[in-house]
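Below is one structure, written out as structure tokens, with a few remarks after it.
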Amino acid sequence: MIKRDIQKKLDEALRIAKQNYSIQSGIEIASNPAFGDYATNLAFLLAKELKSSPKNIAEKICEELSKIPQIDVSFKAINGFINISLSQDFLWEKACHLLNNPLRFNASQEPILLEYVSANPTGPLHIGHGRWAVLGSALANLLRFVGMKVNTEFYINDSGNQIRLFYETIQAIQDKRPIPEGGYHGQYMTELAQAALDPLESNILQQKKILGQIDVSFDLWYSEKSLHESGKAQVILDLLKEKNASYTEEGALWFKSSDYGDEKDRVLIKADGHMTYFLVDLAYHYDKVVSRGYTRLINIWGADHHGYVPRVRAGLIALCGVIYKEPHHFKVMIGQLVNLLRNGEPVRMSKRTGDMITLEEVIEDIGKDATRYFLIEKNPDSHIEFDLELAKKNTMENPVYYIQYAYARMCSILSKVTAPASESLSMELCPEERALLLANIRFEDEVWEAAELLSPYRVAHYAVSLARTFHSFYEKCSLIQAPPDVQGNRIVMLKLTQKTLGHCFDILGISAPTKM
RNA sequence: GUGCUUGUAGCUCAGUUGGAUAGAGCAACGGACUUCUAAUCCGUAGGUCGCAGGUUCGACUCCUGCCAGGCACACCA
């Protein structure tokens, strides 16, 4: 990774210049290309210790560094920052290496379980589910891309009150009786009541199909009912009793979750003798950790469930140990809801179900790529507005086409040239060429940081930025009309950019068109 | 009422453990197609970072209070 490489160069230069400091500084991308390619705030961090201004310190360090024979990078002090510029040869060498070798990351191999969507099987998926689905699948792609071990799972809530009501509703429709109190309304229920299959099965199949349309799939669909049948829920009761973490009150059995960070205690067995959803969910999480050995759990839940997080965490701490207090071991990503708009106006009603517009309708309307892109693009913490008309536009308002067009352009050019690629650099790089190489070289850091922060949206932003850099390069640097040696070098640049952008598409789960 | 979350340009959003003049895109305005795809590029303009204090060499970033929107506060799932 380039930042690490630069850090090494800096450390090496400091050592040669006999400027050893204990303070660890960071390497960041220079805020302005005029300053350099990268920068470090080392001088700011040293200011207190050396009792001098960052400006003076940076200048002094750079003066020392300028005395040593240079090692691929050069240093320049401006405003207290030490700016770092990569030599052309170093940049080129790195680019060729990236083109010819697969990326390697030193990722932890601890097993990760990513659970997402887990929508109730009693109704259609809506756009919010779509957001969590796309986020989860892109996150899985991202973590796997950097070499982490991830399994994905959909927890099917196929048991309990809701399911009972669901079947009662189906029965009522079949018997042409009114829908029971608290039952399910909507056109889709009538369709399910007429289906040949079991209505619940039928609805789950439908969910699988729709998620499949946007390339969202799971390693395992885990049934809640199976936890009842296997007696795994009962095991939890025994364990909590052993740990003296449960008690009986007012006819119900309670978990002392308030001892483990929850705001109050929670019911495990209701006074009517039924298990709560919460108890079974604890069994599910216990199963993930203890039976199946996952030490890192990531769940993606809708914002309407965020209040549920502390009690599950409490359960994990009680049952599996205090490490689950740490977000690294148990992380719940809260996806905010989505407002659907059409030409700036809110759309709520669905033609088919008479309810909220469904995910299926959105996908039909705007297609897989746009659905995925618009739902991944934004930080999941933000409440987003999703404009259906905007997502369909083939204009600059739609970044999906912008990045895909860049890719198609590269493919088109490469299909036209016959000259071989040349890795021996024969020219002085112009600013556009340099910017393109730098953008490619940044990818490793970007994707790694995105993985660490569980933020696939960063990859989407990076892709747009790389596409922009490429489009500028395209305007300025013709390939076909260039002299043969320059052409050979530019082919390397194009192939590398094509490869990098291709990685982005793979992670985002968006198609990479060779022509548009 | 309590908790979580959001508030940055007209709009949609970035802003990396606190660092350089707060950045992009769209929309607006002005330019560039006999050209490897103009689904593109180049330029101009646009800001009291919700408000008020505090912490320090330095705050969009951290702390406190307030304002506004969203969500949640079940022996439902």
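Within every chain, numbering begins at 1; the chains are lettered A, B, ... in the order of the sequence lines, protein sequences first and strands thereafter. A quick note: this is a predicted structure, and the numbers were derived from the prediction, not measured.
Here the nucleotide nearest the side chain of Arg409(A), chosen from rA38(B), rA77(B), rC75(B), is rA38(B). You'll find that the side chain of Gln162(A) is closest to rA77(B), out of rU16(B), rA77(B), rA20(B).
Comparing Met516(A) and Glu249(A) along RNA chain B, the residue whose closest nucleotide (by nearest heavy atom) sits nearer the 5' end is Met516(A).
Going from atom CD1 of Ile376(A) over to atom P of rA14(B) covers 14 Å, rounded to whole Å. For the pair Leu279(A) CG and rA77(B) C1', the interatomic distance rounds to 14 Å; values are reported in whole Å. With rounding to whole Å, Met1(A) atom CE is found 15 Å from rU16(B) atom C1'. Taking atom CG of residue Leu45(A) and atom P of nucleotide rG18(B), one finds them 11 Å apart after rounding to whole Å. The interatomic distance linking Phe44(A) (CZ) with rA59(B) (C1') rounds to 14 Å, in whole Å. A straight line from NE2 of His305(A) to C1' of rC73(B) spans 13 Å, rounded to a whole angstrom.
Comparing the C1' positions of rG46(B) and rC33(B) gives a spacing of 29 Å, expressed to the nearest Å. Separation of the P atoms belonging to rA20(B) and rG58(B) is 14 Å when rounded to the nearest angstrom. Spacing between rU35(B) and rU17(B) at atom P, rounded to whole Å, works out to 48 Å. Atom name C1', nucleotides rG3(B) and rC11(B): the rounded distance is 32 Å, in whole Å. With both ends at atom P, the span from rC13(B) to rG53(B) equals 30 Å, rounded to whole Å. Rounded to the nearest Å, the gap between the P atom of rG65(B) and that of rC26(B) is 41 Å. Straight-line distance between the P atoms of rC4(B) and rC63(B): roughly 12 Å, to the nearest whole Å. Distance check on atom C1': rG1(B) versus rC57(B) gives 43 Å, rounded to whole Å.
The base of rA20(B) lies close enough to the side chain of Asn83(A) for a donor and an acceptor atom to sit less than 3.5 Å apart.
Counting only Watson-Crick and G-U wobble pairs whose two key distances fall under 3.5 Å, RNA chain B forms stems of three or more stacked pairs at B:1-7 with B:67-73, B:10-13 with B:23-26, B:28-32 with B:40-44, B:50-54 with B:62-66.
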Please list, one pair per line, the donor and acceptor atoms closer than 3.5 Å that link side chains of residues 461-469 of chain A to other protein atoms, with sequence neighbours excluded.
| residue | atom | partner | partner atom | Å |
| --- | --- | --- | --- | --- |
| His461(A) | NE2 | Glu377(A) | O | 3.2 |
| Tyr462(A) | OH | Ala439(A) | O | 2.6 |
| Thr469(A) | OG1 | Ser465(A) | O | 2.9 |

Identify every side-chain donor-acceptor pair in residues 476-496 of chain A under 3.5 Å, counting partners at least two apart or on other chains, and give the distances.
| residue | atom | partner | partner atom | Å |
| --- | --- | --- | --- | --- |
| Ser478(A) | OG | Gln481(A) | N | 3.3 |
| Gln487(A) | NE2 | Leu479(A) | O | 3.1 |
| Gln487(A) | NE2 | Ile480(A) | O | 3.2 |
| Gln487(A) | NE2 | Ala482(A) | O | 3.4 |
| Asn489(A) | OD1 | Ser426(A) | N | 3.0 |
| Asn489(A) | OD1 | Ser426(A) | OG | 3.1 |
| Asn489(A) | ND2 | Ser422(A) | O | 2.8 |
| Asn489(A) | ND2 | Ser424(A) | O | 3.1 |
| Arg490(A) | NE | Glu433(A) | OE2 | 2.7 |
| Arg490(A) | NH1 | Ser478(A) | O | 2.6 |
| Arg490(A) | NH2 | Glu433(A) | OE2 | 3.1 |

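Among the protein residues, Glu449(A) comes within range of the nucleic acid bases, having at least one heavy atom under 4.0 Å from a base atom.
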Please list, pair by pair, any protein nitrogen or oxygen found under 3.5 Å from a nitrogen or oxygen in nucleotides 2-7 of chain B.
| residue | atom | partner | partner atom | Å |
| --- | --- | --- | --- | --- |
| rG3(B) | N2 | His306(A) | NE2 | 2.5 |

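With ring centers used as reference points, Tyr116(A) lies under 6.0 Å from Phe218(A).
The aromatic ring of Tyr402(A) does not stack onto the base of rA39(B), failing the criterion of a centre distance under 5.5 Å from the six-membered base ring together with planes under 30° apart. Stacking is not found between His461(A) and the pyrimidine-like six-membered ring of the rG15(B) base under the 5.5 Å centre-distance and 30° plane-angle cut-offs.
The stretch residues 467-489 of chain A comes close to RNA chain B through Arg468(A), His471(A), Ser472(A), Tyr474(A), Glu475(A), Cys477(A), Ser478(A), Leu479(A), Ile480(A), each having a heavy atom under 4.0 Å from the strand.
Note on residues 472-502 of chain A: no pairs pass ring-ring contact (aromatic ring centres under 6.0 Å, His included), not counting sequence neighbours.
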